[in-house]
Amino acid sequence: MKNPNTPGGLTADTIARVSLEQALIDVEVANARVVDLTERLTESAIEIQRLRAEVERARSVTATVLTNLRFLRTPTSSLRRLARAVLPVRVRQKLIRYIR
């Protein structure tokens, strides 16, 4: 039975059914968004862990290189004597600039 007080004369049951269908569609869309955001967040967390490990490795390598370069600065270093004997002056000068 049509209700004259509703738009287009629709019944309250019809309006309730349409509203429920729309609410269910909205919930499905929201759930899909949550799933997508969760996947992206998980992927981002994994990428952050990978990048942090990479930064830590780079820091370790940098520390080792700096230690070795500082060792080259010591006057008694056999490595320094070897560098003087083997490396061209330009290369030694560049190394000295990096050490300081």
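All values reported here derive from a predicted model rather than from experimental measurement. The first residue of the sequence shown is numbered 1, and numbering continues consecutively from there.
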Side-chain donor-acceptor pairs of residues 53-66 under 3.5 Å, sequence neighbours excluded:
unit_1: E54; atom_1: OE1; unit_2: R50; atom_2: NH1; d: 2.9
unit_1: T62; atom_1: OG1; unit_2: A58; atom_2: O; d: 2.7
unit_1: T64; atom_1: OG1; unit_2: S60; atom_2: O; d: 3.0

- Message: Test of understanding: with side-chain contact (heavy atoms from CB on, under 4.5 Å), list the residues that count as partners of T38, not counting sequence neighbours.
- Response: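 With neighbours one apart ignored, the set is V34, T42.
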- Sorted by first residue and then second, give each salt bridge (charged side-chain N to carboxylate O under 4.0 Å, His left out) pair with at least one member in residues 21-30; sequence neighbours left out.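 Pairs touching residues 21-30 that pass the test: R17-E21.
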- Item | Within residues 31-41 or reaching into it, pairs that qualify as salt bridge (charged side-chain N to carboxylate O under 4.0 Å, His left out) - sequence neighbours excluded |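 Listed by first then second residue: D36-R40.
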- Item | Straight-line distance of I25 CD1 to L20 CG, nearest 0.5 Å |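 Rounded to the nearest 0.5 Å, the CD1-CG separation comes out at 10.0 Å.
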